[in-house]
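Since we're looking at a predicted model, the values are computed, not measured. Residue numbers run from 1 in the order of the sequence given.
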Amino acid sequence: MQLPHNLACVSQSALELLYEHDAIGLWPEHRREQLNYIAGLSKFVVDSLHQDQNLQQQLPEMLEQPSRHQEYRARLGKCLADCADEAQGHRILRQFRRREMVYIAWRDFMGSWTLEQSFEHLSQLAEAMLFETYQWQYGECCKLWGTPCNSSGEAQPMLIIGMGKLGGGELNFSSDIDLIFTYPENGDTQGATRSLSNAQFFTRLAQRIIKALDQQTFDGFCYRVDMRLRPFGESGPLVMSYAALEDYYQEQGRDWERYAMIKGRVMGSEMYSEYKALRQMLRPFVFRRYIDFSAIQSLRRMKSMISSEVRRRGFKNNIKLGAGGIREIEFVAQVFQLIRGGREPSLRQRGLLKTLSAIETLELLTTEEVSSLRHAYHFLRRLENLLQAMSDQQTQILPDNEQEQLQLSIAMGYKDWSSLLKETQLHMHKVHQVFSNLIGDDEEDSLDVDKHYHELWDMVAKPDVIEGILAQDIASEHWAEMAQTIIGFKRDLANKTLGPRGRQVLNRLMPKVFGAIFAHRDAKYGLPRVLHLLQRIVTRTTYLELLDEYPAALTQLVRLCTESPMVSEQLGRYPILLDELIDPQHLYNPVPLESYRSELRDYLARIPEDDMEQQMEALRQFKQICSLRIAAADIAGVLPVMKVSDHLTYLAEAIVDSVVNQAWMQVVEKYGEPAHLKDREGRGFAVIGYGKVGGWELGYNSDLDLVFIHDCPVDSYTDGKKELDGRQFYLRLTQRIIHIFSTRTASGILYDVDTRLRPSGASGLLVTTTEAFDEYQRNDAWTWEHQALVRARMIYGDSALEKAFSRTRHHVLSQAREESLLKKEVVEMREKMRNHFGGKKAGRFLLKQDPGGITDVEFLTQYLVLRFSHDNPKLTRWSDNVRILESMIAQGVMEEAPAMALTHAYTTMRNHIHHRNLLNLEADVAEEKLLKERELVKTLWHEWLE
């Protein structure tokens, strides 16, 4: 028990403080010699003695006992029975643990017992503390809320299942304890004024137990309690009934949960009879009746994750996770337990050493291989315990500090660090050989990037691992944010009912999803959008299978979602659109402009004309499908901004045409047709499009500004069973049209329709005659209404009404106007509009409303039409700004250079709005953007209007 000189100095320095206490001086000489030795190796033992004077007095007597675990529960139970409050109970628990851990550490450092004895004491201590805390808190909770009972009035206990090394009886010195809480039957508490359900009672009890053991106090803590192995992980309920556990493991249990449940053991010997039913229930989940070679694939993935974790974290000196470490020995044993445990009862042992003996007996490995694993396990577990007992720290990484290296070497019985390291590496090399031979070495595959995506999905329970994969293997700059997104996605899945088939498909699909996302340069945007969409469709296994079976569809999904949250939301809201992703050739080729009407007719032909509900739903689906294709082509750069607007406008016109037809059928069925239509073609009805639809400039989120006109005479009536005044007929028709547009079905609304540009605005008739429209425009309309008329055209109607509308429009726009008054009214209206639509955003340029923006261009072109059409009537021909500006050049109103520059500025700003619509962003850009275009617009505005 001689220490090297530098460790002897460490010991002497530590003991100077201890020997100030009289109790140490009264120890037997051989114990003081042992203390001199241990004080040079373990800061934990020295600190504990210094902190606890009672321990100084008791330790020599404790050390005379060859074992103490038999008395743990009786002694701790008695102490807790006498405690007055929770704080005192917490103090008792922490002091009890510290004293017994000093005893265990002492024996470990002195090498005065076997590794199995150390395991037994560490495991029995944790079990005693856990179960006696349960007994104490169960009694306290019953006083507060009554005793939990089943429907027959029988008191219900809570079972605590110890997982991992605690369950296997092989706990290490500074281990976490992994737990699952459960209870036999649902019911309510009895015997208190306020009754709780059993689930509520046991949840509160479990919270108290965790707090009692895990909370840091002045006296430290007992154990870090890890509940992540419970069903649904961190997002699951803290406590579940037997029935809920059974449902979970039968329907949703994963392979790694089988792996974990092998070691599951109920705490407290008196609970074993209660546990029999639960154990019997879980056995088919853990141990298959047949030789389960299906487990090999999942085990390969687990092995792959271990190797990647080691590589990623640089765990060369980690005796648990490094190549050939403790984890690999455990893994070898559990491979055989999972594959053959259903047939071989001897493989159902919880303890690893017993399992190795069964493997040897069954000749599943050679005697030499089992011997290598057994010796390595003894060596590495003793090394782990001593490493942790030095400072009561949970670590498996060999120290890089020279003093700590020497302390560990001496504790292990080696004269120097190099000797210990050489022996450690030899054991780990032998383990890794067995490990690699069993399933195959994947060192060559470890560089395969696909593996990272499997790990991202499989390792969500370990945030640090996820962060490591994202930061190091995938090299993402946004690893922290992305890690939270992935973890949150999988946590939220716990609340979904997937079923075995859905979960199986999802496990196959998710690595492919991650691969597609991270192949994109803007993965930071794609990841949350794609996962949000998947969250919406995850319970619909058919859609998951579609994405799993059609790689092209998955690729298109990721691309579209990454580049457009608008598309992402649309797909999430209406998953039927996912079918459109299967054929990229089809997806990126929108319907030809001239074919929207015929395509829509064909799409609706499969639905009975009298099934109005399905007709309305089909209209919305057609719009969504076409909009998706337009957006896809826009994102791919196939369509320039002008063509995008053309497609959206032609689509809207086709839908208006179909809506009018549907509304017409419904109203005619009820009232018949107006009599004045008998000797003529058409319906005597027209829809005038204003604003963006009138100017062929619709965007993705545009509403429709519509005005409705007819040419029905005063004395016309309908010819149906229920006679109606002709003009009332057209009012009912218009109301029906608006109803079809605005009714919300499963696929949302069709378009927002704005009718406020009709004569007399919101106070005017919803539909008006051509004569009344003409008279109003000629005599009563304001200048701003004439401005609006510049961007108006008929998008549905008879040729007779089209002629009447065009005549009115041309006449009104061509009126002679007094220049100064026109300028004044246009400028005032522009200022009024700017004030109405809100103030300036700091540091941003509002593309529509700010000076130099799109609305200035629109007002300028409207002014020029109203100002110069009297002398240049051809200026009234077009209703869109680009062709109006072309007409200005042709008619000599503007020079070509400024007109073309204004067109460029206008289309550039519209392009920005389109793309910001795709990104669900507001129509603004940074203040420093588009300076040249804005200055040009302001210059021309000043030149013409100021």
Side-chain angles (χ1 to χ4, degrees), residues 115 165 168 170 172 255-256 259 262-263 291-293 295-341 344 346-347 349 351-385 387 396-398 412 414 417-448 451 454-455:
L115 179 69
K165 289 187 173 68
E170 296 168 343
N172 61 36
D255 285 321
W256 68 264
Y259 180 91
I262 289 172
K263 287 183 177 289
I291 296 178
D292 185 19
F293 290 109
I296 291 176
Q297 184 58 39
S298 63
L299 292 168
R300 280 196 181 116
R301 284 169 63 194
M302 288 185 211
K303 176 195 185 294
S304 168
M305 287 186 285
I306 292 170
S307 300
S308 297
E309 192 174 357
V310 169
R311 188 185 69 256
R312 187 168 45 254
R313 297 195 188 183
F315 279 162
K316 287 182 181 176
N317 288 326
N318 190 304
I319 58 172
K320 177 182 179 182
L321 299 179
I326 295 164
R327 175 76 66 82
E328 290 192 359
I329 304 172
E330 294 170 340
F331 192 87
V332 168
Q334 286 168 324
V335 163
F336 292 112
Q337 289 182 298
L338 282 179
I339 294 173
R340 297 179 182 272
E344 299 289 348
S346 62
L347 287 171
Q349 313 276 356
L352 184 134
L353 292 169
K354 290 178 181 177
T355 303
L356 287 179
S357 297
I359 290 169
E360 184 176 19
T361 302
L362 295 167
E363 298 182 348
L364 300 175
L365 290 175
T366 67
T367 300
E368 184 182 353
E369 287 174 323
V370 173
S371 178
S372 295
L373 293 175
R374 190 180 285 120
H375 288 125
Y377 188 72
H378 272 96
F379 179 89
L380 294 173
R381 288 303 308 273
R382 181 161 184 260
L383 182 62
E384 177 188 41
N385 268 3
L387 176 61
Q396 286 90 12
I397 299 174
L398 295 177
M412 283 291 291
Y414 291 83
W417 175 246
S418 62
S419 302
L420 173 61
L421 191 59
K422 183 178 177 182
E423 185 72 12
T424 304
Q425 289 169 342
L426 180 63
H427 280 296
M428 292 177 75
H429 174 71
K430 288 180 179 179
V431 170
H432 192 59
Q433 278 188 317
V434 177
F435 181 66
S436 298
N437 291 339
L438 185 59
I439 295 182
D441 197 344
D442 68 343
E443 288 301 313
E444 291 180 38
D445 299 336
S446 65
L447 299 176
D448 181 2
K451 205 149 52 90
H454 280 284
E455 292 164 14

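- Glu384 meets the side chain to side chain donor-acceptor pair (under 3.5 Å) test with Asn172, Arg381, Gln396; sequence neighbours excluded.
- Taking Ser419 as the reference, Tyr414, Lys415, Asp416 meet the side chain to side chain contact (heavy atoms under 4.5 Å, CB included) condition, with sequence neighbours excluded.
- Judged purely by atom type and a 3.5 angstrom limit, Ser371 has no side-chain atom pairing as donor or acceptor with the backbone of Thr367.
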Apply side-chain contact (heavy atoms from CB on, under 4.5 Å) to residues Val332 and Val335 and explain how you reach the verdict.
CA-CA 5 Å; Val332 168; Val335 163; 5.7 Å; no
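- Every pair passing salt bridge (charged side-chain N to carboxylate O under 4.0 Å, His left out) that includes a residue from residues 356-377 is listed here, sequence neighbours excluded: Glu360-Arg374.
- Looking at Ile397 and Ile319, their side chains never come closer than 4.5 Å, going by heavy atoms from C-beta outward.
- Partners of Glu330 under the salt bridge (Lys or Arg N to Asp or Glu O under 4.0 Å) rule, at least two apart in sequence or in another chain, are Lys165.
- Residues passing the side chain to side chain donor-acceptor pair (under 3.5 Å) test with Thr361: none are found, sequence neighbours excluded.
- Distance check, rounded to the nearest 0.5 Å: OH of Tyr377 to CD of Glu170 gives 3.5 Å.
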Under the side-chain contact (heavy atoms from CB on, under 4.5 Å) rule, what do Thr424 and Asn317 come out as? Steps first, then yes or no, please.
CA-CA 10 Å; Thr424 304; Asn317 288 326; over 6 Å; no
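- For His378, the side chain to side chain donor-acceptor pair (under 3.5 Å) test picks out Glu116, with sequence neighbours left out.
- Contact of the Leu362 side chain with the Phe336 side chain is not registered, since no non-hydrogen atoms from C-beta on lie closer than 4.5 Å.
- With a 4.5 Å cut-off on side-chain heavy atoms, Gln334 and Lys263 count as touching.
- The backbone N or O of Leu420 lies less than 3.5 Å from no partner atom in the side chain of Gln425, so there is not a single donor-acceptor pair.
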